[in-house]
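Side chains included, hydrogens not; waters and symmetry mates left out as well; all remaining heavy atoms used.
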Amino acid sequence: MSRIGRLPIPIPADVTVATEGRLVSVKGPKGELALTVANPIQVSIEDGHVVVTRPDDERASRSLHGLTRTLIANQIIGVTAGYTKGLEIVGTGYRVAQKGTAVEFALGFSHPVLIEPPVGITLTVEGVNRLTVGGIDKQAVGEVAANIRKIRKPEPYKGKGVRYAGEIVRRKAGKSGK
């Protein structure tokens with residue numbers, strides 16, 4: 001039995017979870033999320049807890065059991081607390097500025113790069129070299145942060161670029177002079 005999948009998920013007081021066939025919808029103070037559960041997995045609500053079960057010990061059922069439980073738990077956390085991902089801009093002349101809901105990056109290109117956040121995602125600038133991506137959907141927050149980092153990844157010689165907050169960039173030695 002999956003150690004993660006068999007754990008019941010407690011439902012906080014300000015969150016409502018509803019199941020309609022394969023659709024699980026979670027509604028809380030920050031918003032609403034929905035998840036379509038894969039075929040062999042069953043989701044039920046029992047006395048203030050969400051319980052995820054699987055019908056058999058087939059390989060596909062086992063792999064989806066813990067995943068489904070974690071996705072529902074992430075949705076419950078998202079609609080109550082939300083998710084954030086921090087980014088740091090490192091490099092001489094590299095900076096970020098807020099332009100309404102969008103952000104504008106100066107990353108050493110010949111032009112500024114303007115990023116519009118998708119629906120449900122907020123981009124917050126702190127200073128000239130910090131950015132926070134926030135939202136209720138953990139997957140969407142991570143994807144937006146990864147796409148922003150992809151604009152100018154940290155390079156290994158000087159460490160310049162966009163990196164996650166707390167990310168350690170392995171540095172390489174440059175050319176050795178004679």
Legend entry - Distance (rounded to the nearest 0.5 Å) between L131 CG and I115 CD1: 9.5 Å
Legend entry - Point-to-point distance, once rounded to the nearest 0.5 Å, from CD of E104 to CZ of R95: 9.5 Å
Inset, instruction - Check whether any side-chain heavy atom of Y94 sits under 4.5 Å from a side-chain heavy atom of V162, and report yes or no. - result: no
Inset, instruction - Taking the side chain as every heavy atom from C-beta outward, state whether L33 and V79 have any atom pair closer than 4.5 Å. - result: yes
Legend entry - Charged N-O contact under 4.0 Å between R130 and E88: yes
Legend entry - Validation row: I9, R69 side chains within 4.5 angstrom (heavy atoms): yes
Legend entry - Shortest non-hydrogen contact from V141 toward T84: CG1-C, 4.3 Å
Inset, instruction - Check whether any side-chain heavy atom of N129 sits under 4.5 Å from a side-chain heavy atom of V96, and report yes or no. - result: no
Inset, instruction - Answer yes or no: is there an ion pair linking E167 with R149, defined by an N-O contact shorter than 4.0 Å? - result: yes
Inset, instruction - Would you indicate whether E20, at its atom CD, is surrounded by more than 12 heavy atoms from other residues, nucleotides or ligands within a distance under 6.0 Å? - result: no
Legend entry - Straight-line distance of R54 CZ to R6 CZ, nearest 0.5 Å: 10.0 Å
Inset, instruction - Indicate whether any N or O donor in one side chain lies under 3.5 Å from an N or O acceptor in the other, for S25 and E32. - result: no
